[in-house]
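The structure under discussion appears below in the form of C-alpha cells.
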Amino acid sequence: MITTQEELKLKRVAGGSITEHRPLFSSDSLYIYIIWDDGVRQYSIKTGKFVQKLETPNEVVELLSDPEDKNLLHGFTSAGELLTWKQDTGFFENKKTLALKLSSEKKIVGLHLSSNKNAVVVVEDTEKQIHKFIKYNLNTNEKENLPVIGQVGKFSSSVGSSDKDEYLATIHVYNLRVVNLNSSEKFKHTVNPEWGSFSCVRSHPKQNLIATCDQSGRILIWRDVMSFQAIKTLHHWHKLPVNDVVFTGQASSFYSGGSETVIVKWWLDGSQSRDFITNTGASIKNMAISPDNKYVAVGMADNAIHVVNSQMDIEQTIQHVSTHFEERPGVKPIVSRMSFDPRTKALVVNGRSGHVQFYSVENQSYMFLVDVVGQNYLNQQRGLDMVNTEVVLTAMSSDGNWFATVEERDDGLSHLECRLKFWSWDWQHKFKLKTSIENPHQGRVNDIAFQPVLGDGVNRLISTGMNAKFITWCKSEDSLWTLEFVGKLDNLVPRPVEFSNDTSLYAVGFEGTLSVWETSAMEMKSCLTRPDASERINFVKFGNNASSRYLVAASSSKIVIWDLILLQVVKIIGLKVAWLAANPMNDHMAAFTEGGELVVFLPSEKAPIYRKSILGGKKVSSALYWPHDEVQSNAVGWQRLAQLYFMTDNQEIFTFVSKNEENRDFFNPVEFPNNEGKTATPLAAFVAKQTLSQVKKVEPLPMWKQQVNSYQGSYLKMMCETPSHMLPPMQMLVGELINEYLTAQSSTIEKPQEFFKAPEPMEVIEGSSTDSESEEEGSKVRQKRRKAKTKKLRPVEESTLQSVAKLQFDWVEMLFDAVEITSDEE
Amino acid sequence: MGTFKPLNTKVFTKAEPELSDEAIYWKKFTAPAILKDFGPIDYIDVNPNDPYHFAVTCSVRVQIFNPVTKAVYKSLTRFKETAYGGKFRHDGKLICAGGDEAEVKLFDVGSKNLLRIFKGHDGPVHRCFFCINNSQLFSCSDDKSAAVWDIASEKIVAQYRDHTDYVRAGAVSPVSADIVVSGSYDKKVMMFDTRTNEVALTLDHGAPVESVIFNKTGSIIISAGGTDICFWDALAGGKLLSRITPHHKTITCLAMASDGLRLLSGGLDKRVRVTDMTDLQPAHVLNYPSPILSIGIESNDKVLAVGMVDGLVSVSRKIEEDGKGKTPRIRYTLREWRKREQKLREFEPLQEADTTFTEKERQMMSNIDRYLRSYRYSKALDVAMAMYNTKRKAESVVTLLQELIRRKGLATALAGKDDHEIAKILKFFSKHIGNFEYMPTLIDATNTLIDIYGEEINDMPMALDACNNLLSTIHDEEQLTVKLLELQGAMEMLKIASDSHKLAPNSKNDYSVTTEEFPSTL
C-alpha cells in the first residue's frame, strides 16, 4: 500500500528565539518590534497581542528608528539591505542596498545610525574574530573604514553623541576606544586587567556618556570620553558579567541586567540607590528603552520580553515558546517529551527551568506555564556549579484530568533528587498538585505512561526506573496516588513503557527484552526476546485499530514488530530510530531516524506508506500525532486524521504540510532541500537497510560467535544466541541439533575446514574416543578423519546416521554438555 | 514572577485526603448527642413537621424525643411485649406501631391515647405504615403475610399470604395509595396492588430482605438485604436497575435524605454509607461506635438519628447556614487589625488621573526564608535549629538543609559554629538519620560537616560525643538494614517459588516463540 509520495514540506510551527536581538519601541511607545523567524513582528504593549508582521527578504540583524523622521522604522539585514517601513501604517517604504563589497570571511552583524545620515556598519571578521566598522554615508554612498576594532559580541559597540560631535565607542578586551565620526579622532581608555575584560558597552544617544560593563560585574560610567582624561564612576552590584545596560532619556538613571535574573535600576544622582526586580526566573540578554522613558523592554533567556514600567513592575510579557536554557557551560538543555493536552488543546513540554508550558498550536500562541518544582531559580555563582531542579519527563492522561511530571536534580556531589508529581486539572489554578512522591525509584526515572482512561474511570500510571523495577501507581478514592504494584524482570533495567489502547495490556522494555503484562491481574503474560537481545529497546508502541495485535519495539538500529497473538516476530526493519510515534486515530506509526528520515508505516504492511529524508539535519527530540477535530481532506493521506508534529533539540516545533495546505496559517513554511540525495524507491531503500549483515557489522563478535555465524545451519546459531533462560529442555534440543548438523554437513562440503570445530559427535559416531589423546594429536586425527568422512559420505549412509542419531539421545546429551563447556572456555 | 518562593516543608509531611464537597456537607452537622436505651433500637422515625420530633422504638415502648433538647417528649408504653416499627403519620399527629403481641396499635401523639388496635395477624408485626390517603394502614408480619387495614373500621382490607417466610420490611408508595411493597426473609420483594388484590411484582433480591423503601417519586424500589442494595424499576415491570455493595456486613436499614438525592444505608459494619442517587456512586461514610439497626432522617437532613444494637441513639442536627444563625466572628491578628484600620482611615475615592499606582504588597515570609533570600545561610540555619528546639519540627530543618545543599551554601552555613552548636546539629542528625525520607539529605549534610570540622572535632568535647553517638546510630541502622534485607530475601524466595509454579505453562509458550520466529529473520 504505497500512496503517492506527495511533496511535503517542513513547516515551523513555533519556537525560535525572539530575544537574540534587541527589541525596538515605536516612536509613540505603544508598540514594540521584535525580530523573529523570517520577519519583524509588531506587538501591542497594552495588550501584549501580536499586531502585524513586516516581511523581510533576509534575516534582520538590527532594528533602528530613524533619527530624523520619527515615523520611519529601519531594519538592517545580513545581506546589507536597509529596509524602511512607516510605523503608523506598517507599509513598506523602500529598500536600500548598501554597496559594501565584503570578502567571504566577513559578515554583517549590525548597524548604528547617527543623526547626519551616517551609518556605521558592524562587520564581523570570522577569521580574526574581531568586529570591524565601516562608516557609510547614506546620501552619498561614500564609505570609510574606521580605525577601531571591537571584540566579538552582541553589544560591543555603540554610537553616541556629545555636544557637537558623534562618536563610536567600541570595547576590545581591556580597552575602550572612542572614535569621532566627523574628525576620525581616536581616544583609547584602558582599565585594570584584574577586573576582567569588558562585556558590553552602551552610549547615551544625546549626552556624552558611556556605560561599560566587565566580567566582574562592574559598571563604569564614563563622562567626557572625547578626551584622554575621561571621568569614570563605578557602580558595582552585579556579581556576574552584565549582559546589557540602557540609559534613560535624560540620563538620570540607567538599567542593567545579567545572569543574576535581576533587573536593576540605578540612579545617577550620586546617591548610588538602586531598585530591583528579583527572581525573574531567567537571565537577562538585552534591554531597550521606549522613547518616552516609560518602559524598558527586557529580553530574557527563556524567550520572553518583559515590558517593565518606571515603577519597576512588569507590565506586559511577550512570550513565545518558553525555552529551557542552561547557563552551565557544556551542559545541554533538557527538552522533555511533548505530550498532548486534550482539554486545552495544547502541546505540553518543559519551559524555562523547573516549569512546564502549555502551547496552543492552533492559535500559535503560548498559553501558560505551570511551576512544577516550586523552587527559586538558582543563578550561577562564581566558582560554583549551581544545578537547578529540572522537569525531565511529563505525561498527560488521555482525558486531560491528570498530569504527571518527573523532576530531577543531580549535581554529582549530593544525592540525586527525584520527584514524581501528580497534578489534577482545576479551573482556578489550571493544574493543582495532588501528590508528590519523593525518590520513587531510588534513582533516575526512565519513563512514565498513563493508562488510557476508559469508562471504568481507573487512573493508573507506570513509572520505570534505574532500580530495575517498574511501579504502577493508582489513584485512590481521595484523589491521592499510591503505589499499587512493583514489577521486575531479573535485574534488567526497564525503560520504555506503554499501555495498549484497550488498557488490557501494557508492555515494558527491559534492556533488550520486551515483556507484556496483563493490567487486571498485574501478571506477566509473555516475555519476548529476540536472539540478538543485546540492543536496548528505546520505544515500545502498541498498534491501534486493525493493527492491535502488533507490538512495535524500536532499538537504536532496528524496529521489531511482534505479533501478540502468535508471539512471533512479524517483521524487522533496519532503521536507526530517533523517535517513534503512534497515531492514536488509526494504525499508522511514524519513525524519525538519526539520518533525518521520516518513515510512516503500518505494522501490518510490508512497505512503508511514506519515507523521505525530510528533516534537513534537524535533531528530533520528540514527536507526536495531534488528532484533528475533523478529517482534513486536503492533507496528505496519512495526516488526514492526525497531524504529525516534532520538536527539535532547541525546542522548535515543526510539522509537515503538503502544497495545498500551505496557506492554512499565516506563517510561511520553511523549505529544506533534500540533501541526502537518495533517489531510490522507498521499497528499495527499505529492503537494503533490512539486511542482517549490516546490523551484525556494528561490533566485532567473540570468536565462537564468528564461527557460529559463518556456520549456515541456523539451529546451532540460535542456541548460542538465545538467552539461556529461554532455551527448552536439553532433550528437546539435541535431536534437532543432530538433524541440523547432518543436513548442513551434506550440503556444505565446500565450507572451509576451520569452521567445523564443534562437531565432536561425528567422531564418536566413528567409534573412537578423543579423551585420552593429546590436543595436537587429536586435532590432526580429527582433520584427517573429517576429510575422509566428507568424501565418504553418501546419501544412504547419511540417512542411516540420522536414524541412529535420532534413536540414541542420552549419550548425545552428554556430548552436548562437552560442546557447551568448550564454547564457554573460548 | 518577582516573588520569592518560600521553602516547601510539605515535602516531608503526610498527604491528607482532600475534603470533598460531600464531606463538607456532612460535617456541617452538630456533634452527635448519644442517648442510651435498654435494648436494640428497632426503628427510628422522624416527624416530618417542625420541630422534627423523632420516635425511637425500643423494647416495650415508643419514645418520642425532641431533637434540640434531646429530652423525651412523649413515651408510649402501652405494650405488653416488645414493640416494633413506630411510624408517624404524614402530619405527625398519629403514630402506629407493631409488636410481639401480633397487633398494630394506633396512638395519638399529643394525648398518648391508644386509638385503635388492629388484630388479625398470627405473628409479631415488625413494620407498619400509613398509606398516603391516611385512611389505611399497611403492616408486615412474621405470619408470612402483609395486610392492609382500614383505620376507621379496624378491619382488614386485604391480606397477602404470598411470602414463604417472615415479612420484615415494607414500604408504601409515596404517589399511590394502592401500591404497597413488602420484603421478606424468603429473599423476595413483592409489590401488591390493593385494587386487584394481587401480587403486581415479585423481585428476587437474593438475600433475606431487611429493608425496602421507595425513592422520592415512587418510581424506584430500593431493597436491602445481605450486603447488597438493589434498585428496581417499579414502573417498568421490576427491572433490576443496579446492584451496589456498599457495606461488607449485612445492611439493616435504608433511608432517603437530601430531598431524595442521597440514599443512606446503615449496616452491621458500624457505618452509614451515603450514596449519590444520581450516579449511585459512594459519596460519604459516617462512622458509629456499634452495629447500626435503624436510621431516621428528616427528608431535608434537618435531623439525623441513628439507632444501634446496644441501645445507643446518636442524634445530630444540621447547622443552619442562612443568616438566621450566628455570623461567624472574624478574628484578626493584631497586624491584620492595624492594617484594616489604616485602610479604613486612608480610603479616599480615586480621582481621575493619568496613571494610578497601587502600593506594592510586601511578601510575608518566615525568618528562615528572609535569611535565605539575603543569602545569610548561617543565620537561617540558626533560626531553624532554634525553631526545632522549641517546636520539634524536624521537617523544616531538613528542608532547609536540602535547600542549602541545592544552593551550595551548606558549607557556609555550617562553618564558624562553636562546640555547643555543632553538638546540637549532630544530635539532630543522629536522631533523624534513620528516617528514610530525611536520610539522603542528612547523609549529605553529615559529609559536609565532617569535611569542615574533621580536624577540629578532637578539640570539641561535646561535638565529639555527639559524633560518636551518630556513629553508633548509623551502626545500628546498618544492622537493621541487613536484618531486613535477610528477611526480604527469605520472603522473596517463597514468592518466587509460588510464582514459578504459576508461570510454568507460560515459559513453554516462550520457547515456541523463539524457535518458530527464528528462521524467518534470516
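Throughout, a chain's letter reflects where its sequence line sits, starting with A, and its residues are numbered from 1. Side chains included, hydrogens not; waters and symmetry mates left out as well; all remaining heavy atoms used.
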Name the region of A:S414, side chain, backbone, both or neither, that has any atom closer than 4.5 Å to a heavy atom of chain B.
both

Under a 4.5 Å heavy-atom cut-off, does chain B meet the side chain of A:E438, its backbone, both or neither?
side chain

Measuring heavy-atom distances to chain B, does A:N388 have an atom under 4.5 Å in its side chain, in its backbone, in both, or in neither?
neither

Identify the heavy atoms of B:I405 and A:R409 that sit nearest to each other, and give their distance.
CG2-NH2, 3.9 Å

Between B:Q402 and A:Q375, does the side chain to side chain contact (heavy atoms under 4.5 Å, CB included) criterion hold? Intermediate values first, please.
CA-CA 12 Å; B:Q402 185 59 44; A:Q375 292 165 4; over 6 Å; no

In this structure, are over 12 heavy atoms from other groups packed under 6.0 Å from B:D279 atom CG?
yes

NE2 of A:H415 to CG of B:N447, rounded to nearest 0.5 Å, is 8.0 Å

Honestly, the part of B:Y375 sitting under 4.5 Å from a heavy atom of chain A is side chain

B:N287, CG atom: more than 12 neighbouring heavy atoms under 6.0 Å
yes

Just wondering, do B:R407 and A:N376 contact through their side chains at under 4.5 Å, heavy atoms?
yes

Name the option with the most non-hydrogen atom pairs under 4.5 Å to chain B; the candidates are A:D563, A:N309, A:D385, A:V387.
A:D385

Give a yes or no on whether the backbone of A:M386 and the side-chain of B:K408 come within a donor-acceptor separation of less than 3.5 Å.
no

Distance (rounded to the nearest 0.5 Å) between A:L413 CG and B:L410 CG
12.0 Å

Pick one of side chain, backbone, both or neither for A:S476, based on which atoms fall under 4.5 Å of a heavy atom in chain B.
neither

Are B:K5 and A:N279 side-chain neighbours, meaning at least one heavy-atom pair lies under 4.5 Å?
no

